[in-house]
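Model, not experiment: these values are computed from the prediction. Just the heavy atoms: all of them, side chains too, but no hydrogens, waters or symmetry mates, feed the values below. Naming: A, B, ... by sequence-line order, numbering from 1 per chain.
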Amino acid sequence: MITRFAPSPTGHLHIGGARTALFNYLLARGLGGKFVLRVEDTDAQRSTEEYTKSILSAMEWLGLSWDGEPVFQTDRTGLHVEHAERLVAEGRAYWCRCTPEEIEESRKKAMAEGGKPRYDGRCRELGLGPSPGAVIRFKCPPGGQVRWRDLIKGPIVFEASELDDLVILRSDGLPTYNMAVVVDDITMGVTHVVRGDDHVNNTPRQILLYQALGAELPEFGHVPMILGSDKSRLSKRHGATSVMAYQEAGYLPQALVNYLARLGWSHGDQEIFSLEEMVGVFSLRHVGKAAAVFDPNKLDWLNAHYIKNTPPDELCSLLKPFLEKRGLPAPDGEKLLKIVLTLRERSKTLAEMAGKAEFYFGDLPKFDPKSAEQLLALLKTPEGADAPAKDAGGKAILEKWLGLLQELPRTREDFDQLLSGLAAELGVKAGVVAKPLRLALTGSTASPGLHEIMEILGPEVTLGRIRAAAETPEGYPQVRQPA
RNA sequence: GUCCCCAUCGUCUAGCCUGGUCCAGGACACCGGCCUUUCACGCCGGCAACACCGGUUCAAAUCCGGUUGGGGACGCCA
């Protein structure tokens, strides 16, 4: 068995492409076959080397290793031309000199007659030879049906009369898509052609070419499209569509692969799969026929799952580039590890984690606008007898903390004792005394546990931040612009 | 316009092939509760679907036909 992934380098690897690549990979690996990569770069206008590199690196990042060197379609032009000429020689194709105007006229006529726009084959029996501007067209059989049993969709039938004489060799001497694909799949020994749904309509033409070339047919499988939330084809306006964009947003490859696999494929009620695990249980039989809507929420859930389950030291190295992107200096290993430990249960992406880590850096934290307001409000609440029972006066609380924390508590238990002691002393709930401290330390009302935070910040920064908040010097707190 | 494909909770899906075990199961999201120094995690609970019509059958989410709806394709792009 040989499967293949055949992207054209006219853009970055997108979500849909990644999924068909994944399915091909799983199919081959599961059955001990080969998975090859073919770069379909026959469109000289739009193909670039940069995109080729980008696609290959995205494949590697996802862990979809292919067998052998990538094949470039433009390296095989000779082969394609040879086959096209052979078809002419055997009377199964012919040279056509029709002008664009003539073709257009033919299409319009077909449309007017209630059919689909098609070329009428007027050069078909003219026995023309090559000439500048001429193309080779395949002679489509006049009648009958083309049918195949699709690996995913089941039996599909096309009337041959629906097909017209497609161009197989362009006037610039390069093969067209259908020709190049068929010749390559034949000569590369591809046994299972698994590709996007949008190619179903190409398949009957390709089957005809296989037959004209006297080649054995491969199996075909067409995987359904991925749609955006409005059920139209997934595109940029739905958000990120390239694998690279997800990488940059801090998604883990395991999460993306897991998500893509489960989008359209299932294995009972199981949701979490490693790539290796999927290889063992994957089957086209359980790929659905219907298009699927891409759900960023579920991807986030999976990503959070994989973040939580990645060994912390590994997470540290994964996080570093994201910290750097924010201009945060990577702390030494021990400290970074502690930071990561406080954040990994709270982050859906590495980018989000880096954002949440921001308050660990610098002397004073930046506040989000709402938290800044809250701190100021707390500081204004009167202390003592005038204070509402639920609110013991922010300034007083912070000063108490300042006293209590001259020596940082060693353990979480020690801190808890300080906390509940202070709460009892002021006759308020623990949350009331924790809140000003949290605001002072992190610039936010939501954060990891206070004790672990202080341990990471160290005594100097901890006390400095509390003091700054209690005294609210001019211009404090400094408000952070929302990202 | 023509052809092809598809149709179970808001979303991803199990079940459909081999009708009864499905007044339809799981997951994400959402809502409620517990845990709790906040947020999150975790745990518990809830909401929520067989597109419609007809046929076959003792019995249909499951089989058949039609309708509607959605998607895709009709290039010297891939």
Checking all strands, does [X] fall into the base, sugar-phosphate, or nothing category for heavy-atom contacts under 4.0 angstrom?
| X | answer |
| --- | --- |
| A/His451 | nothing |
| A/Leu419 | base |
| A/Val167 | sugar-phosphate |
| A/Gly133 | base |
| A/Ser8 | sugar-phosphate |
| A/Gly264 | sugar-phosphate |
| A/Arg118 | nothing |
| A/Arg107 | sugar-phosphate |
| A/Asp164 | nothing |
| A/Arg195 | nothing |
| A/Pro7 | nothing |
| A/Asp150 | nothing |
| A/Ser47 | nothing |
| A/Arg205 | nothing |

Which whole number of Å gives the distance between the [atom1] atom of [N] and that of [M]?
| N | M | atom1 | answer |
| --- | --- | --- | --- |
| B/rA29 | B/rA40 | P | 12 Å |
| B/rG70 | B/rU11 | C1' | 16 Å |
| B/rG15 | B/rG25 | P | 15 Å |
| B/rU21 | B/rC63 | P | 15 Å |
| B/rA61 | B/rG19 | C1' | 10 Å |
| B/rG32 | B/rC6 | P | 41 Å |
| B/rC30 | B/rG75 | P | 45 Å |
| B/rA49 | B/rC28 | C1' | 16 Å |

* Pairing residues for A/Tyr306 by the ring-ring contact (aromatic ring centres under 6.0 Å, His included) criterion, not counting sequence neighbours ->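 Applying ring-ring contact (aromatic ring centres under 6.0 Å, His included) to A/Tyr306 gives none.
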So what's [N] paired with, Watson-Crick or G-U wobble, going by both distances under 3.5 Å?
| N | value |
| --- | --- |
| B/rG75 | none |
| B/rG42 | B/rC34 |
| B/rA7 | B/rU68 |

* Donor-acceptor pair under 3.5 Å, A/Arg346 side chain vs B/rC41 base ->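 It does not, because no donor-acceptor pair links the side chain of A/Arg346 to the base of B/rC41 below 3.5 Å.
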Please determine whether a side-chain nitrogen or oxygen atom of [X] lies at a distance below 4.0 Å from atom OP1 or OP2 of [N].
| X | N | result |
| --- | --- | --- |
| A/Ser447 | B/rC39 | no |
| A/Lys308 | B/rG42 | yes |
| A/Arg233 | B/rA73 | yes |

* To do: Determine whether the aromatic ring centres of A/Trp265 and A/Phe282 lie less than 6.0 Å apart.
  =>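 Judged by ring-centre distance (under 6.0 Å), A/Trp265 and A/Phe282 do meet the cut-off.
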* To do: Verify the ring-centre separation between A/Tyr51 and A/His12: is it less than 6.0 angstrom?
  =>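 Under 6.0 Å, so yes.
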* Asked: If you measure only the distance, is there a donor-acceptor pair under 3.5 Å linking the side chains of A/Thr203 and A/His222?
  ->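 Checked: A/Thr203/A/His222 side chains pair up, N/O donor to acceptor below 3.5 Å.
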* To do: Strictly below 4.0 Å, heavy-atom distances to any atom of RNA chain B: list the hits from residues 175-187 of chain A, or just say none.
  =>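 Listed by number, they are A/Thr176, A/Tyr177.
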Whole-Å distance separating the [atom1] atom of [X] from the [atom2] atom of [N]:
| X | N | atom1 | atom2 | answer |
| --- | --- | --- | --- | --- |
| A/His80 | B/rC76 | NE2 | C1' | 16 Å |
| A/His286 | B/rG15 | NE2 | C1' | 10 Å |
| A/Tyr51 | B/rA78 | OH | C1' | 15 Å |
| A/Glu352 | B/rC41 | CD | C1' | 13 Å |
| A/Leu398 | B/rU37 | CG | C1' | 14 Å |

N-O pairing of [X] and [Y] below 4.0 Å:
| X | Y | result |
| --- | --- | --- |
| A/Asp197 | A/Lys153 | yes |
| A/Arg412 | A/Glu455 | no |
| A/Lys356 | A/Glu352 | yes |
| A/Lys116 | A/Glu162 | yes |
| A/Glu271 | A/Lys298 | yes |
| A/Lys338 | A/Glu452 | no |

* **Derivation of the side chain to side chain donor-acceptor pair (under 3.5 Å) call for A/Ser106 and A/Arg118** => CA-CA 7 Å; A/Ser106 163; A/Arg118 59 207 302 275; over 6 Å; no
* To do: Give a yes or no on this: more than 12 heavy atoms of other residues, nucleotides or ligands lie within 6.0 Å of atom CZ of A/Arg149.
  =>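 Check fails, neighbour count at 12 or below.
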* Nearest-nucleotide pick for A/Arg170, side chain only, options being B/rU38, B/rG72, B/rC77 ->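 Side chain of A/Arg170 sits closest to B/rC77.
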* **Side chain of A/Phe415 (C-beta onward), nearest among B/rC17, B/rU37, B/rC76** =>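 Within the option list, the nearest is B/rU37.
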* Asked: For A/Tyr94, which residues count as a side-chain contact (heavy atoms from CB on, under 4.5 Å) partner, sequence neighbours excluded?
  ->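 Checked A/Tyr94 against side-chain contact (heavy atoms from CB on, under 4.5 Å); matches are A/Cys96, A/Tyr119, A/Cys123, A/Arg124, A/Arg137, A/Lys139, A/Asp165.
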* **Qualifying residues under side-chain contact (heavy atoms from CB on, under 4.5 Å), relative to A/Glu40, sequence neighbours excluded** =>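 Residues passing side-chain contact (heavy atoms from CB on, under 4.5 Å) with A/Glu40: A/Ala6, A/Ser8, A/Arg38, A/Gln73, A/Tyr177, A/Val181.
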* Asked: Taking the nucleotide of RNA chain B with the closest heavy atom to each, which residue, A/Asp230 or A/Ser171, is nearer the 5' end?
  ->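 By nearest-heavy-atom nucleotide position, the 5'-most residue is A/Asp230.
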* Nearest-nucleotide 5' precedence on RNA chain B, A/His267 against A/Ala434 ->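 First, find each residue's nearest nucleotide; the 5'-ward one identifies A/His267.
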* **Mutual orientation of the aromatic rings belonging to A/Phe220 and A/Trp148 [parallel < 30°, tilted 30-60°, perpendicular > 60°]** =>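 The arrangement is perpendicular - the two ring planes meet at more than 60°.
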* Which word best sums up how the rings of A/Trp401 and A/Phe415 line up, parallel for under 30°, tilted for 30 to 60°, or perpendicular for over 60°? ->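 A/Trp401 vs A/Phe415 ring planes: parallel.
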Anything under 3.5 Å between a protein N or O and an N or O of nucleotides 2-6 of chain B, put it in a table, one pair a line.
residue : atom : partner  : partner atom : Å
B/rU2   : O4'  : A/Gly114 : O            : 3.3
B/rC3   : O4'  : A/Glu162 : OE1          : 3.4
B/rC5   : O2'  : A/Lys153 : NZ           : 2.8

Can you check nucleotides 27-34 of chain B for protein contacts, nitrogen or oxygen pairs under 3.5 Å, and list what you find?
residue : atom : partner  : partner atom : Å
B/rA27  : O4'  : A/Glu271 : OE2          : 3.3
B/rC28  : OP1  : A/Trp301 : NE1          : 3.4
B/rC28  : O2'  : A/Lys298 : N            : 3.3

